[in-house]
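By convention here, the first residue in the shown sequence is residue 1. Just the heavy atoms: all of them, side chains too, but no hydrogens, waters or symmetry mates, feed the values below.
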Amino acid sequence: IMNFHRWFPKGKIIFMATTRNLVNQQIDACTSFTNVPENEITIIMGTTLKNRKDIWNKHKVFFCTPQIVNNDIEKKRLDPTEIVLLIFDEAHHAHGNYAYSMVVRKVAEKTSQFRVIGLSATPGNNIESIQSVIYNLMISK
């Protein structure tokens with residue numbers, strides 16, 4: 001997060017987790033050890049209804065669920081070409097049409113200039129399952 005924040009000063013970094021509780025856990029953990037200014041970091045939840053486009057424009061580092069990102073790209077509140085880094089917590093959920101997969105597809109339709117980090121303690125119980133996550137998140141390593 002800190003490197004991408006420094007290397008791409010106008011880029012957006014989005015950290016996604018599957019539930020509100022995990023989003024809250026991750027923002028607490030990440031803000032405690034990064035040097036990104038607090039005014040550039042925000043959390044977006046489904047209850048954040050007002051001025052979502054303004055929130056996306058005002059901040060640089062975001063913590064939210066993948067449904068938020070997917071919906072806001074669809075509704076043109078978020079420009080996917082501004083995204084430089086997508087981080088997926090519990091990446092093993094990236095199967096089929098789950099929101100993680102949809103977010104990567106929507107961003108990749110508009111730009112190839114972004115990176116993906118997938119985090120998971122349990123990436124899958126067989127090679128096919130793991131390969132599906134790698135394919136759906138466009139992970140190369």
Side-chain angles (χ1 to χ4, degrees), residues 1-125 127-141:
I1 290 174
M2 292 184 312
N3 283 339
F4 275 80
H5 180 264
R6 183 178 33 178
W7 296 336
F8 303 96
K10 295 185 189 255
K12 300 200 180 308
I13 299 163
I14 303 174
F15 194 120
M16 289 167 278
T18 55
T19 67
R20 288 179 184 188
N21 287 339
L22 285 174
V23 169
N24 286 324
Q25 266 183 351
Q26 293 298 358
I27 194 169
D28 289 344
C30 289
T31 57
S32 69
F33 68 84
T34 66
N35 61 359
V36 177
E38 281 189 39
N39 66 326
E40 295 182 10
I41 301 171
T42 192
I43 188 168
I44 302 176
M45 293 293 184
T47 56
T48 311
L49 301 175
K50 287 188 173 187
N51 305 320
R52 283 255 281 271
K53 188 171 186 169
D54 292 338
I55 293 169
W56 286 111
N57 290 331
K58 182 180 176 187
H59 301 281
K60 292 171 55 176
V61 181
F62 304 87
F63 290 81
C64 53
T65 63
Q67 293 84 359
I68 297 285
V69 178
N70 189 44
N71 291 342
D72 285 0
I73 290 173
E74 278 184 8
K75 294 180 179 176
K76 303 204 183 314
R77 294 179 189 137
L78 169 61
D79 180 357
T81 64
E82 295 177 345
I83 298 169
V84 294
L85 178 63
L86 295 170
I87 304 169
F88 298 94
D89 190 22
E90 304 289 331
H92 57 274
H93 289 287
H95 291 285
N97 286 330
Y98 182 71
Y100 277 171
S101 305
M102 300 303 293
V103 167
V104 170
R105 287 184 203 135
K106 286 180 179 161
V107 174
E109 284 175 7
K110 301 294 183 184
T111 183
S112 63
Q113 303 300 310
F114 70 100
R115 294 291 176 257
V116 171
I117 297 175
L119 307 172
S120 181
T122 55
N125 58 2
I127 293 296
E128 292 82 19
S129 178
I130 295 168
Q131 188 58 49
S132 174
V133 170
I134 290 168
Y135 174 77
N136 285 329
L137 294 182
M138 298 181 185
I139 295 173
S140 62
K141 294 183 181 179

Measure the [atom1]-[atom2] distance between [X] and [Y] for me, rounded to the nearest 0.5 Å.
X	Y	atom1	atom2	answer
Ile44	Ile14	CD1	CD1	8.0 Å
Arg115	Asn3	CZ	CG	13.0 Å
Gln26	Thr31	CD	OG1	10.5 Å
Ile117	Met16	CD1	CE	11.0 Å
Ile134	Leu137	CD1	CG	9.0 Å
Ile13	His59	CD1	NE2	14.0 Å

Does Val61 form a side chain to side chain contact (heavy atoms under 4.5 Å, CB included) with Glu40? I'd like the steps, not just the answer.
CA-CA 6 Å; Val61 181; Glu40 295 182 10; 5.5 Å; no
Within a strict 4.5 Å, meaning less than it, do heavy atoms of the [X] and [Y] side chains meet?
X	Y	answer
Val69	Trp56	yes
Thr111	Ile83	no
Gln25	Leu22	yes
Leu78	Lys12	yes
Met45	Asn24	yes
Phe114	Val116	yes

Could you tell me which non-hydrogen atom of [X] sits nearest to which non-hydrogen atom of [Y], and how far apart they are?
X	Y	value
Val103	Pro66	CG2-O, 3.6 Å
Val84	Gly11	CG1-CA, 3.8 Å
Phe62	Ile55	CE2-O, 3.6 Å
Phe63	Cys30	CZ-CB, 3.6 Å
Tyr100	Ala91	CE1-CA, 4.1 Å
His5	Lys60	NE2-NZ, 3.4 Å

Original post:
Between the side chains of Asn21 and Thr19, does any donor sit under 3.5 Å from an acceptor?
Top reply: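 No donor-acceptor contact under 3.5 Å links the two side chains.
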Are more than 12 heavy atoms from other residues, nucleotides or ligands located less than 6.0 Å from atom CZ of Arg52?
yes
message = Is it the case that over 12 heavy atoms from other parts of the model lie below 6.0 angstrom from the CD atom of Gln113?
response =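 Counting other residues, nucleotides and ligands, CD of Gln113 stays at 12 neighbours or fewer.
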request  = Applying side chain to side chain contact (heavy atoms under 4.5 Å, CB included), run through Phe33 and Ile1 and close with a yes or a no.
outcome  = CA-CA 10 Å; Phe33 68 84; Ile1 290 174; over 6 Å; no
Identify, with sequence neighbours excluded, every residue that meets salt bridge (Lys or Arg N to Asp or Glu O under 4.0 Å) alongside Lys106.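 Salt bridge (Lys or Arg N to Asp or Glu O under 4.0 Å) check on Lys106 returns Glu74.
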